Amino acid sequence: GDSVTQKEGLVTLTEGLPVMLNCTYQTIYSNAFLFWYVHYLNESPRLLLKSSTDNKRTEHQGFHATLHKSSSSFHLQKSSAQLSDSALYYCALIRRDYNQGKLIFGQGTKLSIKP
Amino acid sequence: NAGVIQTPRHKVTGKGQEATLWCEPISGHSAVFWYRQTIVQGLEFLTYFRNQAPIDDSGMPKERFSAQMPNQSHSTLKIQSTQPQDSAVYLCASSLAAGKAPLFGEGTRLSVL
């Protein structure tokens with residue numbers, strides 16, 4: 001079945017350093033939507049980025065990601081971490097066929113930014 | 001737009017009791033999802049409705065969990081005979097259509113003592 005893998009459970013960085021959170025996925029369908037959600041404590045998870053276009057960079061709020069279908073990857077990056085980036089980040093997949101609208105999530109990566 | 005509303009925000013039950021969690025999706029959204037969040041498992045898919053019809057309940061533990069969507073304005077997740085391992089944050093989400101990014105509620109934190 002479809003799956004999403006986030007290898008890092010916890011990433012700890014010093015403020016100002018670059019961020020890269022890994023996401024790889026598996027699906028038998030050639031088309032899929034990939035998403036990054038960010039979840040701050042005591043809030044609802046919210047959409048950060050989305051993409052369905054191969055090799056196209058998508059950006060929002062200083063974060064960016066590029067969907068690479070050749071390597072089934074959708075890594076999240078930011079050039080300079082801020083303290084306020086500390087949160088739980090989920091990579092997720094939706095298949096692009098009408099009958100499957102559910103988000104399949106990775107395990108999540110907790111990003112902790114230290115001063 | 002009020003967003004997805006979940007009630008209660010926190011629920012404490014004793015082992016063996018029943019728990020009912022409520023979700024009001026965003027008006028006009030045709031798809032409603034239930035997820036469970038734990039530290040160990042992350043965000044687990046439970047079940048999904050589209051236009052009030054159950055589409056996929058493959059993530060639901062079969063024996064004690066049930067979900068309904070009696071009308072387009074609310075969905076319920078019921079857990080019978082709650083167990084300590086049911087303790088988690090239960091998240092409801094809705095989306096405009098299949099394939100669109102769902103918007104999440106703030107969740108219900110269930111604690112089973």
Side-chain angles (χ1 to χ4, degrees), chain A residues 1-10 21 23 25 27 29-53 58 60 65 67 74 87-112, chain B residues 1-7 9-10 23-26 29-60 67 69 75 88-109:
Chain A
D2 303 328
S3 65
V4 176
T5 301
Q6 293 178 250
K7 286 192 297 187
E8 309 109 346
L10 171 66
L21 305 185
C23 172
Y25 65 93
T27 178
Y29 289 81
S30 58
N31 287 328
F33 289 103
L34 271 295
F35 304 87
W36 277 99
Y37 278 78
V38 58
H39 193 186
Y40 293 98
L41 196 60
N42 296 323
E43 295 183 10
S44 52
R46 61 178 175 83
L47 181 67
L48 182 59
L49 291 171
K50 62 180 179 181
S51 181
S52 60
T53 306
T58 181
H60 185 61
L67 177 60
F74 191 55
L88 195 51
Y89 291 81
Y90 287 102
C91 185
L93 162 78
I94 291 181
R95 284 159 43 177
R96 287 183 74 176
D97 62 315
Y98 182 72
N99 290 323
Q100 286 294 334
K102 71 185 185 193
L103 268 174
I104 297 164
F105 285 94
Q107 292 289 91
T109 298
K110 183 176 180 181
L111 179 62
S112 177
Chain B
N1 197 332
V4 176
I5 299 171
Q6 289 189 249
T7 54
R9 291 294 310 279
H10 303 275
C23 171
E24 181 181 330
I26 294 171
H29 280 196
S30 64
V32 174
F33 306 84
W34 283 97
Y35 286 84
R36 176 168 63 181
Q37 183 183 39
T38 61
I39 292 172
V40 174
Q41 298 291 337
L43 274 170
E44 292 178 275
F45 169 77
L46 293 176
T47 189
Y48 156 42
F49 296 86
R50 188 169 64 230
N51 296 320
Q52 299 172 234
I55 302 297
D56 182 347
D57 67 352
S58 58
M60 292 277 273
M69 191 162 184
S75 174
V89 176
Y90 290 83
L91 289 159
C92 178
S94 69
S95 69
L96 203 54
K100 299 293 184 185
L103 298 173
F104 282 84
E106 293 184 329
T108 295
R109 181 176 295 278

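Labels below follow one simple rule: chain letters A, B, ... track the order of the sequence lines, proteins then strands, and each chain is numbered from 1. Worth saying up front: this structure is predicted, and the values here are computed from it rather than measured.
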**Message:** Is the ring pair B:Y35/B:F104 parallel, tilted or perpendicular, if the boundaries are 30 and 60 degrees?
**Reply:** tilted
**Item:** Side chain / backbone / both / neither for B:V89 at chain A, heavy atoms under 4.5 Å
**Value:** neither
**Under 4.5 Å from a heavy atom of chain A, the part of B:E44 involved** = neither
**Prompt:** Highest number of heavy-atom pairs under 4.5 Å with chain B: which of A:R46, A:H39, A:K110?
**Reply:** A:H39
**Within 45° cone and under 6.0 Å: A:K102 NZ/CZ vs B:Y48 ring** = no
**Request:** Taking B:W34 for its side chain and B:M60 for its backbone only, find out whether a donor-acceptor pair lies under 3.5 Å.
**Result:** no
**Request:** Taking side-chain hydrogen bond (donor to acceptor under 3.5 Å, both in side chains) as the test, write out the residues that go with B:R109, two or more places apart.
**Result:** none
**Prompt:** Pick from B:P102, B:A93, B:G42: which one has the most heavy-atom pairs with chain A under 4.5 Å?
**Reply:** B:P102
**Request:** Would you check, one step at a time, whether the test side-chain contact (heavy atoms from CB on, under 4.5 Å) holds for A:T58 with A:K50?
**Result:** CA-CA 7 Å; A:T58 181; A:K50 62 180 179 181; 5.8 Å; no
**Donor-acceptor under 3.5 Å (B:Q41 side chain, B:R36 main chain)** = no
**Message:** Please classify the contact of B:L91 with chain A as side chain, backbone, both or neither, using a heavy-atom distance under 4.5 Å.
**Reply:** side chain
**Asked** Between A:L47 and chain B, which part of the residue has a heavy atom less than 4.5 Å away: side chain, backbone, both or neither?
**Response** side chain
**Item:** Best-contacting candidate, B:G105, B:G59, B:G107, against chain A by heavy atom pairs under 4.5 angstrom
**Value:** B:G105
**Request:** Can you tell which part of B:S58 gets under 4.5 Å to a heavy atom of chain A, answering side chain, backbone, both or neither?
**Result:** side chain
